[in-house]
Protein chains: 2
Amino acid sequence: MELEEAYSLLSDLRKTHKTIIIVADCTVEYKGRAESYLPPGERVILIKRDRTVLVHQDSGSMPVNYMKENSDWRPVLEKDKLELRINNISYKESMLIVMNKVFSVSSFSLSDGQKIQLVGTERDMADMIYANPDIVEKGLRAVATEEQTKYGFVDVLCYDRQNNLVVIECKRYTADLKAVSQLRRYVERIKKSKGIENVRGILCAPKITSNAKEMLFDFGFSFKAVKPPAYMSREEHRQRSLADFEHSKG
Amino acid sequence: MELEEAYSLLSDLRKTHKTIIIVADCTVEYKGRAESYLPPGERVILIKRDRTVLVHQDSGSMPVNYMKENSDWRPVLEKDKLELRINNISYKESMLIVMNKVFSVSSFSLSDGQKIQLVGTERDMADMIYANPDIVEKGLRAVATEEQTKYGFVDVLCYDRQNNLVVIECKRYTADLKAVSQLRRYVERIKKSKGIENVRGILCAPKITSNAKEMLFDFGFSFKAVKPPAYMSREEHRQRSLADFEHSKG
DNA sequence: GGGGAGAGATGCCGC
DNA sequence: GCGGCATTTCTCCCC
């Protein structure tokens with residue numbers, strides 16, 4: 001594809017809200033929170049309706065370079081080069097894509113107002129434990145989820161049978177040192193703010209690393225193996241989706 | 001575009017290493033580490049050479065759904081639907097894309113062996129402080145960077161003029177509660193492993209949140225405002241890139 | 001492969 | 001806007 005043709009196409013697309021897909025041999029320079037340079041190679045460039053710009057190599061999940069939403073971009077035709085100059089004033093970032101060959105430019109007016117429905121998150125775990133704290137320890141009484149404190153929010157707050165406060169921190173993945181530190185921060189904060197000493201900490205996760213376990217026990221906390229809640233069936237997904245649709249009509 | 005045509009194209013592409021771009025109206029279901037459902041909408045689907053699959057909506061930096069590298073995929077033609085069934089045995093994940101309209105299928109043999117060169121990371125900050133610890137405190141002597149401990153690795157380890165050990169934790173962004181907890185973990189670990197009490201902690205970052213500062217001072221640690229090192233100029237980038245090229249020839 | 005931590009993290013929610 | 005934090009985090013590095 002001729003660079004002039006690509007330039008003309010992109011110029012026309014600049015002020016639209018179309019999603020643009022470019023395939024090109026290019027270099028990429030970035031300057032902003034850090035600075036980077038990507039030597040020549042063939043990549044896919046995606047410009048979205050919200051003016052997010054992504055550069056994808058032919059492997060890996062992550063874009064190799066990107067500019068966040070509301071980035072200003074314009075094509076510039078140089079000798080034997082077609083440049084995309086991209087700027088984001090609010091993020092104080094800029095990107096320069098220099099294309100020496102353009103394989104394809106295509107554009108689409110995409111219509112999509114949907115949001116993903118995700119189940120099996122840490123929040124779902126906390127809700128499950130709040131509804132049924134016995135799975136953590138017999139006789140627990142749950143009093144709050146997502147309790148806000150200045151030092152972060154506690155997943156589940158309970159009282160045990162001796163009326164000690166119990167702070168529960170949930171992790172949907174293997175609990176690590178960070179999780180133990182987090183639990184400790186909440187426990188200390190609550191001790192201080194409420195002026196009480198008997199505050200227990202329980203870490204709930206499917207697994208825990210050996211070092212984290214050691215540190216946890218050093219602080220007198222405990223671990224309870226809990227898996228994230230069972231996933232919805234496909235049928236339940238569909239019903240939930242339908243319910244959302246019905247709701248949005250109202 | 002007819003579903004049959006898209007099916008035929010994708011069937012032919014299945015065993016190639018081409019990068020495939022599909023634009024379609026579709027739903028997406030995912031099941032693996034969690035479970036999700038995405039109601040119908042028009043999206044861009046990217047299948048890479050390494051069999052990574054990405055689904056992008058028309059806004060935002062992140063794919064709304066994805067499957068990691070080496071995923072097996074195949075097109076299946078149903079009545080009025082074209083499905084992409086994707087499976088990854090090693091990650092125990094699966095994804096189902098159901099397309100009811102396909103706007104475009106295109107494919108490219110991309111050639112790209114380049115890696116991005118990035119400057120201005122936290123590691124660069126630690127190296128800068130190691131080379132010149134005076135910017136943190138007069139008279140510091142740096143003895144190690146990236147010192148490994150069982151509870152994590154310390155960015156920079158120093159001695160001050162009174163020969164106290166000083167643990168320095170660097171953050172390239174605004175330091176938060178997590179950063180303070182991390183520093184605390186290292187200081188306590190070193191106190192314990194070396195059996196000494198006088199271990200200081202200094203947090204180096206461009207800024208710090210007020211809560212983090214409060215917690216930091218509670219623990220007797222201190223804060224020093226340090227910016228990440230100056231970025232390379234564009235000319236330096238070019239020279240570095242050239243040097244890499246010369247090197248790769250050898 | 002497990003463990004630990006950074007990332008140009010991004011995205012979400014709450015104040 | 002900042003702040004705190006989860007993420008189908010991803011990615012890298014070290015042991």
Side-chain angles (χ1 to χ4, degrees), chain A residues 28 30-36 52 60-69 88 90-95 115-116 118-126 146 148-155 169-179 181-182 185-186 207-213 228 231, chain B residues 28 30-36 52 59-69 88 91-95 115-116 118-126 146-155 169-179 181-182 185-186 207-212 228 231:
Chain A
V28 186
Y30 159 80
K31 195 166 165 52
R33 283 171 291 180
E35 186 166 311
S36 72
T52 296
S61 304
M62 308 295 287
V64 64
N65 275 109
Y66 56 93
M67 291 284 283
K68 283 183 285 196
E69 76 282 355
N88 193 305
S90 45
Y91 285 113
K92 291 177 189 166
E93 293 180 310
S94 66
M95 196 163 83
K115 282 193 177 174
I116 192 168
L118 187 65
V119 191
T121 62
E122 183 181 297
R123 178 61 199 265
D124 292 328
M125 242 179 111
E146 309 286 314
Q148 299 288 333
T149 77
K150 219 174 64 174
Y151 278 11
F153 58 88
V154 172
D155 282 340
E169 174 60 32
C170 303
K171 291 295 166 206
R172 65 181 309 284
Y173 53 88
T174 305
D176 57 14
L177 294 174
K178 285 200 301 272
S181 284
Q182 195 182 350
R185 208 159 62 225
Y186 299 152
K207 284 197 301 179
I208 184 167
T209 69
S210 52
N211 286 336
K213 199 169 190 174
Y231 309 129
Chain B
V28 186
Y30 160 79
K31 194 167 164 52
R33 284 170 290 179
E35 185 167 312
S36 70
T52 296
S59 67
S61 304
M62 307 294 288
V64 65
N65 276 110
Y66 57 93
M67 291 282 282
K68 282 182 286 194
E69 73 284 353
N88 193 306
Y91 285 112
K92 292 178 188 164
E93 293 179 311
S94 66
M95 196 163 82
K115 282 193 177 172
I116 192 168
L118 187 65
V119 192
T121 63
E122 182 180 297
R123 179 60 200 264
D124 293 327
M125 237 179 116
E146 310 287 314
E147 172 93 345
Q148 298 289 332
T149 77
K150 215 175 69 173
Y151 279 11
F153 58 90
V154 172
D155 282 340
E169 175 60 32
C170 303
K171 290 296 167 206
R172 64 183 307 288
Y173 52 87
T174 305
D176 56 14
L177 294 174
K178 285 201 303 271
S181 284
Q182 194 181 349
R185 210 158 62 225
Y186 299 154
K207 286 196 299 180
I208 185 167
T209 68
S210 56
N211 285 338
Y231 311 130

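In what follows, every chain begins at residue 1, and chains take the letters A, B, ... in the order their sequences are listed.
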Measure from CG on Leu177(B) to P on dG4(D) and round the result to the nearest Å.
5 Å
Calculate the interatomic distance between Glu169(A) atom CD and dC5(D) atom P; express it in whole Å.
9 Å
Please find the pair of heavy atoms, one from Asn65(A) and one from Ile116(B), that lie closest to each other, and give the distance.
OD1-CD1, 3.4 Å
Between dA6(D) and Gln182(A), is there an OP1 or OP2 to side-chain N/O distance shorter than 4.0 Å?
yes
Can any side-chain N or O of Arg33(A) pair as donor or acceptor with the backbone N or O of Tyr173(B) at less than 3.5 Å?
no
Could you give the CG-to-P distance, from Asn211(B) to dG14(C), as a whole number of Å?
18 Å
Just by distance, do the side chain of Arg172(A) and the backbone of Gly120(A) share a donor-acceptor pair under 3.5 Å?
yes
Do the non-hydrogen side-chain atoms of Lys178(B) and Arg185(A) ever get within less than 4.5 Å of each other?
yes
Decide if atom NZ of Lys68(A) counts as having more than 12 heavy atoms of other residues, nucleotides or ligands within a radius under 6.0 Å.
yes
Map Lys171(A) and Ser90(A) onto DNA chain D by nearest heavy atom, then report which one ends up closer to the 5' terminus.
Ser90(A)
Measure from the side chain of Arg185(B), starting at C-beta and using heavy atoms only, and say which of dG3(D), dA5(C), dG4(C) lies closest.
dA5(C)
Would you say Tyr66(A) and Met62(B) make side-chain contact, with heavy atoms under 4.5 Å?
no
Are any of the side-chain heavy atoms of Lys207(A) and Lys213(A) separated by less than 4.5 Å?
no
Go through the steps for Asp155(A) and Glu146(A) under the test side-chain contact (heavy atoms from CB on, under 4.5 Å), then give the verdict.
CA-CA 5 Å; Asp155(A) 282 340; Glu146(A) 309 286 314; 4.0 Å; yes
Atom P, compared across dG4(D) and dG8(C): separation rounded to whole Å:
23 Å
What is the distance, to the nearest angstrom, from the NZ atom on Lys207(A) to the C1' atom on dG2(C)?
8 Å
Minimum heavy-atom distance between Thr209(A) and Asp176(A), given as atom pair plus value
OG1-CA, 4.1 Å
Roughly how many Å is it from CD in Glu146(A) to C1' in dG4(D), rounded to a whole number?
12 Å
Across nucleotides 7-15 of chain D, 5' to 3', mark each nucleotide with B, S or - according to how protein heavy atoms within less than 4.0 Å reach it.
SBSSS--S-
Separation of Tyr186(A) atom OH from dA6(D) atom C1', in whole Å?
10 Å
Gap in Å between the two P atoms, one belonging to dA5(C) and one to dT8(D), rounded
22 Å
Would you indicate, yes or no, if dG4(D) has its OP1 or OP2 atom less than 4.0 angstrom from a side-chain nitrogen or oxygen of Thr209(B)?
yes
Pairing string of DNA chain C (Watson-Crick or G-U wobble, both atom distances under 3.5 Å; | = paired to other strand) is |||||||.|||||||
